Amino acid sequence: MTSTVYQNNQNYIDFILHLADTNLILAQRLCEWCGHGPILEQDIAMSNMALDLLGQTSNYYNYAAEMIGNGATEDTLAMLREERDYKNLLLVELPNGHFGNTVARQFFYDSYHVLLLEQFLKVKDLKLQSIAEKSLKEVKYHLKWSSEWMIRLGDGTQESHDKIQQAVNDILPYVKEAFILSDYQKALIKEGLIDNPEDFKAVWLAKVNEILTEATIVADVENAFVQKGGKEGVHTEHLGFILTDLQYLQRTYPNSQW
């Protein structure tokens with residue numbers, strides 16, 4: 001049973017949905033690479049990371065559905081909500097672009113995601129703690145993969161360097177939204193139910209700059225302009241198109257099941 005501390009807390013439900021939505025949309029983006037990767041091994045690697053994220057998403061949505069009640073399920077939360085109901089980071093809904101764009105997006109999210117899950121290992125909520133513990137091993141691999149590719153592309157040929165540098169330039173405004181607190185995060189931090197991600201921001205920045213330096217990529221991450229709104233349901237034009245593909249089957253054939 002879910003503790004009433006969480007059961008009746010809309011801020012907590014919104015926070016769990018934010019975690020689920022972010023992983024779901026990134027998984028959907030990675031799935032778009034299936035059959036289109038630059039080489040077979042990396043095609044499979046991205047598909048496997050998408051499956052990891054979908055598994056984590058399922059755990060979050062099931063938890064949120066348990067707290068919401070009223071017939072909510074992981075499927076209704078993933079497939080039957082409207083665009084403005086989604087609380088994912090803007091970063092993960094950005095188009096795949098070329099392989100370097102996808103690598104850069106993955107790297108910036110992974111570097112944050114690992115530290116966030118490590119922070120969850122210390123929360124009072126044993127269910128969230130359990131999800132984090134299960135997910136962390138997978139996400140550490142994701143970070144290893146994306147870090148190695150950042151270095152390989154950045155410190156590779158002139159063409160690969162120029163492309164990954166441009167990818168970082170383009171994605172930089174979306175990177176630090178993760179550290180901008182939504183209203184529901186502020187409330188939960190005040191209640192002592194979650195910790196502030198600002199607590200690990202310095203560690204995150206150091207790790208990011210370490211990889212960027214090794215990759216010979218120039219980026220002022222700390223002072224970059226920040227686009228925001230995703231956590232509160234204000235998205236780029238890209239999310240609607242993602243949801244059209246993602247939700248098509250369930251909306252066309254309601255209540256379909258495998």
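Atom set for the values below is all heavy atoms of this structure, side chains included, hydrogens, waters and symmetry mates excluded. All figures in this text were calculated on a predicted structure; none of them were measured in a lab.
The backbone N or O of Thr216 lies less than 3.5 Å from no partner atom in the side chain of Asp155, so there is not a single donor-acceptor pair. Formation of a donor-acceptor pair under 3.5 Å by the Glu93 side chain with backbone atoms of His235 is not found in this model. Remark: side-chain polar atoms of Asn11 are not paired, donor with acceptor, to backbone N or O of Ala187 under 3.5 angstrom. No donor-acceptor pair closer than 3.5 Å links the side chain of Glu83 to the backbone N or O of Leu243. The closest donor-acceptor contact from the side chain of Asp245 to the backbone of Ile242 lies at 3.5 Å or more, if one exists at all. At distances below 3.5 Å, not a single donor-acceptor pair connects side-chain atoms of Asn70 with backbone N or O atoms of Ala72. Side-chain atoms of Arg105 do not come within 3.5 Å of backbone N or O of Leu91 as any donor-acceptor pair.
Between Tyr61 and Leu24 there is a side-chain heavy-atom pair separated by less than 4.5 Å. Within the 4.5 Å cutoff, no side-chain heavy atoms of Leu153 are placed close to those of Lys163. Taking the side chain as every heavy atom from C-beta outward, Thr22 and Tyr109 approach each other to under 4.5 Å. Looking only at side-chain heavy atoms (C-beta outward), Gln119 and Asp199 come within less than 4.5 Å of each other. With a 4.5 Å cut-off on side-chain heavy atoms, Lys127 and Glu66 count as touching. The shortest side-chain heavy-atom distance between Leu193 and Asn9 falls under the 4.5 Å cut-off.
The shortest heavy-atom contact between Pro197 and Gln185 is CG-NE2, 4.3 Å. Pairing each heavy atom of Ala219 with each of Asn209, the nearest pair is O-OD1, 4.4 Å. Pairing each heavy atom of Ile171 with each of Ala104, the nearest pair is CD1-C, 4.0 Å. Contact between Leu117 and Ser135 at its shortest, heavy atoms only, is CD1-CB, 3.8 Å. The minimum heavy-atom distance linking Ile164 with Gly154 is given by the pair CG2-CA, 3.5 Å. Closest non-hydrogen pair, Met79 versus Gln247, comes out as O-CD, 3.1 Å.
When the side chains of ILVMFWY residues are joined at heavy-atom separations under 4.5 Å, either directly or via intervening members, Ile194 and Ile180 end up in two distinct hydrophobic clusters. Under a hydrophobic clustering in which Ile, Leu, Val, Met, Phe, Trp and Tyr are joined whenever their side-chain heavy atoms come within less than 4.5 Å, directly or via other members, Val234 and Ile25 fall into different clusters. The hydrophobic cluster containing Ile217 also contains Val221, counting ILVMFWY residues as joined when their side-chain heavy atoms lie under 4.5 angstrom apart, directly or transitively. By the rule that hydrophobic residues join a cluster once side-chain heavy atoms approach within less than 4.5 Å of another member, Met150 and Val218 end up as members of separate clusters. Hydrophobic clustering (ILVMFWY, side-chain heavy atoms < 4.5 Å, transitive): Tyr248 and Phe241 are in distinct clusters.
For the 3.5 Å distance criterion, the side chains of Asp220 and Asn223 qualify, holding a donor opposite an acceptor. Counting only N and O atoms by type, the side chains of Gln129 and Asp125 include no donor and acceptor under 3.5 Å apart. Between Tyr141 and Asp110, the side chains place no donor N or O within less than 3.5 Å of an acceptor N or O (distance only, hydrogens not considered). Looking only at atom types and distance, the side chain of Trp33 has no donor-acceptor partner in the side chain of Gln42 under 3.5 Å away.
Distance check: Asn62 CG to Thr57 OG1 gives 11.0 Å after rounding to the nearest 0.5 Å. Within the model, atoms CG of Leu77 and OH of Tyr60 stand 15.0 Å from one another, a figure rounded to the nearest 0.5 Å. Of the inter-residue distances, the one linking Glu214 atom CD with Ser147 atom OG reads 9.0 Å to the nearest 0.5 angstrom. Atom CG of Asp52 and atom OG of Ser47 lie 11.0 Å apart (nearest 0.5 Å). In this structure, CD1 on Ile151 lies 4.0 Å from CD1 on Ile211, to the nearest 0.5 angstrom. Rounding to the nearest 0.5 Å gives a distance of 5.0 Å between CD of Gln56 and CD of Glu138.
The local environment of CD in Glu133 is sparse, with at most 12 non-hydrogen atoms from other residues, nucleotides or ligands closer than 6.0 Å.
Proximity of the aromatic rings of Trp145 and Phe107 is defined here by a centroid distance below 6.0 angstrom, and this criterion is not met. Ring centroid separation for the pair Phe179 and Tyr112 comes in under the 6.0 Å cut-off. Taking the six-membered ring for Trp and the full ring otherwise, the centers of Tyr174 and Phe108 sit at least 6.0 Å from each other.
The pair Lys176-Glu222 does not count as a salt bridge, with every side-chain nitrogen at least 4.0 angstrom from each carboxylate oxygen. A salt bridge does not link Arg152 to Glu148: none of the charged side-chain nitrogens sits closer than 4.0 Å to a carboxylate oxygen. A salt bridge links Arg251 to Glu82: one of the charged nitrogens lies within less than 4.0 Å of a carboxylate oxygen. Here Lys231 does not pair with Asp183 in a salt bridge; the nearest charged N to carboxylate O distance is not below 4.0 Å.
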Walk me through it: do Leu128 and Tyr12 pass the test side-chain contact (heavy atoms from CB on, under 4.5 Å)? CA-CA 11 Å; Leu128 179 58; Tyr12 201 75; 3.5 Å; yes
Between Asp162 and Gln166, does the side chain to side chain donor-acceptor pair (under 3.5 Å) criterion hold? Intermediate values first, please. CA-CA 6 Å; Asp162 290 346; Gln166 188 59 52; over 6 Å; no
Please test Thr102 against Leu30 for side-chain contact (heavy atoms from CB on, under 4.5 Å), starting from the C-alpha separation and ending with a verdict. CA-CA 8 Å; Thr102 294; Leu30 288 172; 4.1 Å; yes
CA sep, side-chain torsions, deciding dist, call: Leu54, Ser58, side-chain contact (heavy atoms from CB on, under 4.5 Å): CA-CA 6 Å; Leu54 284 174; Ser58 177; over 6 Å; no
Before you tell me yes or no, could you show the steps for Val175 and Trp204 under side-chain contact (heavy atoms from CB on, under 4.5 Å), namely the whole-Å CA-CA distance, both residues' side-chain angles and the distance that decides it to 0.1 Å? CA-CA 11 Å; Val175 168; Trp204 168 83; 3.5 Å; yes
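Screening Asn23, Leu143, Leu136 for a side-chain contact (heavy atoms from CB on, under 4.5 Å) with His113, the sole residue that qualifies is Asn23. Asp21 pairs in a salt bridge (Lys or Arg N to Asp or Glu O under 4.0 Å) with only one of the listed residues (Lys87, Arg81, Arg84), which is Arg81.
The aromatic rings of His18 and Tyr184 are tilted relative to each other, their planes meeting at an angle between 30° and 60°.
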